[in-house]
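Here is the naming used below: chain letters follow the sequence lines, and residue numbers restart at 1 for every chain.
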Number of protein chains: 4
Amino acid sequence: MKQSPRVLGRPRHDDKAKPTKELVLDTATRLFIKDGYKNVSMDDVAKGCNVTKATIYYYYPTKGELYTSALIEMMKRIRLHIIGILEQPTSFKERLEQLVEIHLSATMDIDMKNFMREASINLSDSQLKEVHASENEMYRTIEQAMQTEMDKGTIRTGNAQFFAHTFMALMSVGYFKDGEGNRLFQTEANAAKEIIDFFWLSVKNFS
Amino acid sequence: MKQSPRVLGRPRHDDKAKPTKELVLDTATRLFIKDGYKNVSMDDVAKGCNVTKATIYYYYPTKGELYTSALIEMMKRIRLHIIGILEQPTSFKERLEQLVEIHLSATMDIDMKNFMREASINLSDSQLKEVHASENEMYRTIEQAMQTEMDKGTIRTGNAQFFAHTFMALMSVGYFKDGEGNRLFQTEANAAKEIIDFFWLSVKNFS
Amino acid sequence: MKQSPRVLGRPRHDDKAKPTKELVLDTATRLFIKDGYKNVSMDDVAKGCNVTKATIYYYYPTKGELYTSALIEMMKRIRLHIIGILEQPTSFKERLEQLVEIHLSATMDIDMKNFMREASINLSDSQLKEVHASENEMYRTIEQAMQTEMDKGTIRTGNAQFFAHTFMALMSVGYFKDGEGNRLFQTEANAAKEIIDFFWLSVKNFS
Amino acid sequence: MKQSPRVLGRPRHDDKAKPTKELVLDTATRLFIKDGYKNVSMDDVAKGCNVTKATIYYYYPTKGELYTSALIEMMKRIRLHIIGILEQPTSFKERLEQLVEIHLSATMDIDMKNFMREASINLSDSQLKEVHASENEMYRTIEQAMQTEMDKGTIRTGNAQFFAHTFMALMSVGYFKDGEGNRLFQTEANAAKEIIDFFWLSVKNFS
DNA sequence: TATGAATGAGTTTTCATTCAT
DNA sequence: AATGAATGAAAACTCATTCAT
């Protein structure tokens, strides 16, 4: 199949189009989430953007940098998303449920643990540090919400960081698929409800 | 320059030594757990076994087969291990705690979810099916224990499969390390206790 | 153009043929001497050997290693050559002249200085060290001959190392070609004679 | 032609700043001398000038042109330099010594032979011709000085071109560094003296 | 049973060059 | 006069796989 025959040099500027750098980052993020660091080649990213590999390198000097940027961007978005949902005026339990439901509804399994593993194997120390900082911020956001609710007495007193991690871990249960591709629950809403019910039994304040 | 001077022909069999096929599988398993499918080359496995790549291919026709076998073997071992611990005569809660502690004490983070992801990306359908069957068996073992305890009334009635998955998910919290390499808890015993206390609040029967 | 269609796997062994490793080294040496490190690609070497790039890498793990080996081999050969000529029973002056003539007759301009420069830019420290050691040995061989003749009184007392270097430097004059490709002298024999006459005026013992 | 109308008072333009074209040429020359043609990328030159690559191309249509210009400029400078020194009223031997000393004192090893080799590999025929012409002029300058001194009887009658080349070749001995970075002589002055003493023994007129 | 030698198709990365603005 | 954005071709290197011995 003939690709759109692009020309050398600077292209005429199209005001509507997303800036290439953003396009690259978004495409890369999507691919990395789907297939992982090693299964995505710079060529794949390029093809996904309809530009050449060299263009990718024009914006991101190495694959590691691209991955780093992709992870950071992703975590930033998730964090903002979490903040947005947690700010709503409904009960804490309801907000958590909504959080889970929305995440499960997103097409892709966002598996923090695995991203961090791939990062630790493939990135340089300084890149890894950046990614870790970003991850930390994300967890901290949930942690702070947990702390706030502890202070309010909504949930029992405990290790807020631990709660944040158990929350994320339980959320990942919702992504599970067996050999036939069946989920544990029929709908995302259902999954979210069961997961949060489970979580809530452990964290609620029943004094 | 001279390579390691191995001798031609069939080597005299050393009774103590593991049969080569096992050696290969064990080495591969260790490496795959540590670094993941794509980060381990057949050369790495060969080096790790002190044999040549061709020897690996003598026993396993493709890398995918080797990975398949490694995963299946690993899950089988874990399953037997789980059975062994769950058979003990102590209380269910104590047995779960022991299970977590022993797993966290193993040097490596055994992340089922990630193995399955790499499998789904890199294996053939039939290989993937085998691996899924093995995974399923492993989960089923925990599930059955949950069911047994539900029947006994130790834990509340609920979805045993869901409980099995939440259990595994919570266990993974114990592996978490932040940017500085710090764990959430000081010792594995401590982590196990906190994790199971949390789990228990959700599953115990307080009727 | 279709290349000779080579097959996968180990080729049937041809007793007459040079071992591939040697073939690679010889080809690489020839190309590096002619065009320099950066102007020779691993593909060029492969094509020159009628094998694939991967075969080159089978024997030499990096281009730097290949260059290192090539330089060392080349200097070793030159050194042995020098020794062979200097051992002959003719007068020192005659032997030097022969040395120059033979070197100029070799098709290629062997420019030590430039090889060392390329080495210093492109090789790792440890590789560079190896090459320097080899270079040193080569110069030392000439130096020792100078020293021997000083002791015999054939040439004047002086810095033997300096003499070795002036000798090599003067030899390089014989390679000079102007824009039209003309040499300074008509024949190699002529060039050698003039160069050594010049050298001799500076080093002869006229006490 | 309109003269640039000189403005009164302080011009907005920074008079001290070199015109960009010169800046590019000087930077390129420096880099090419240090690292050679292939080891210097147009990006390196651009970075060294603090302009973009496209700016380099605005002034020099290809890398080959830039190299050509750089070599010609360099040889021109050296030639003028040589002329300047040779014009002084001291003895010929003293002037040669000074020439060597000053060249050795310049930070970089100016290796004509190597520049010409890189030129012959990388430049187009017409570019190569230009460079050769420039090299020729440079050698001719030394040659003429040799001829003048022959005519005066300062040095013996001989092939002036050959003398010019032996002179340059011997000068290069002063640049030699062994594996530890040690020179043959302690100071440039010392090196210059030894080199010219050696040269002089061969060329002096002792009739 | 095990190996040494080789390949083909890919990977990341570099770089001279082009062109609209 | 100068730049930012892009390309195409090639470079170094990797790796799963093959096969005669």
Legend entry - Closest-nucleotide ordering on DNA chain E, the 5'-leading residue of Ile56(C) and Tyr37(A): Ile56(C)
Between [N] ([atom2]) and [X] ([atom1]): distance, integer Å:
X	N	atom1	atom2	value
Lys63(C)	dT12(E)	NZ	P	21 Å
Leu66(D)	dC15(E)	CG	P	15 Å
Tyr60(D)	dC15(E)	OH	C1'	20 Å
Met42(A)	dT14(E)	CE	P	10 Å
Tyr59(C)	dA12(F)	OH	P	20 Å

Would you say a side-chain N or O of [X] is under 4.0 Å from OP1 or OP2 of [N]?
X	N	value
Thr20(B)	dA2(E)	yes
Tyr58(C)	dT14(F)	no
Tyr57(B)	dT17(F)	yes

Legend entry - Toward the 5' end of DNA chain F, by each residue's nearest nucleotide, Ala54(B) or Asp44(B): Asp44(B)
Inset, instruction - Measure distances between side-chain N and O atoms of Lys53(D) and base N and O atoms of dT3(F), and say whether any donor-acceptor pair falls under 3.5 Å. - result: no
Legend entry - Check ion pair Arg117(A)-Asp111(B) (N to O, under 4.0 angstrom): no
Inset, instruction - Check for a donor-acceptor pair, side chain of Lys53(B) on one end and backbone N or O of Asp44(B) on the other, with a separation under 3.5 Å. - result: no
Inset, instruction - Indicate the ring-plane relationship of Tyr37(C) and Phe32(C), choosing parallel, tilted or perpendicular according to the 30° and 60° boundaries. - result: parallel
Inset, instruction - Select base, sugar-phosphate, or nothing to describe what Thr55(C) touches, counting heavy atoms under 4.0 Å on all strands. - result: base
Inset, instruction - Please work out if Val40(A) contacts a base, only the sugar-phosphate, or nothing of the nucleic acid, heavy-atom cut-off 4.0 Å. - result: sugar-phosphate
Legend entry - Face-on cation placement of Lys21(D) at Tyr60(D) ring, 6.0 Å and 45° thresholds: yes
Inset, instruction - Can you tell me the pairing partner of dA1(F) across any strand shown, Watson-Crick or G-U wobble, with both distances under 3.5 angstrom? - result: none
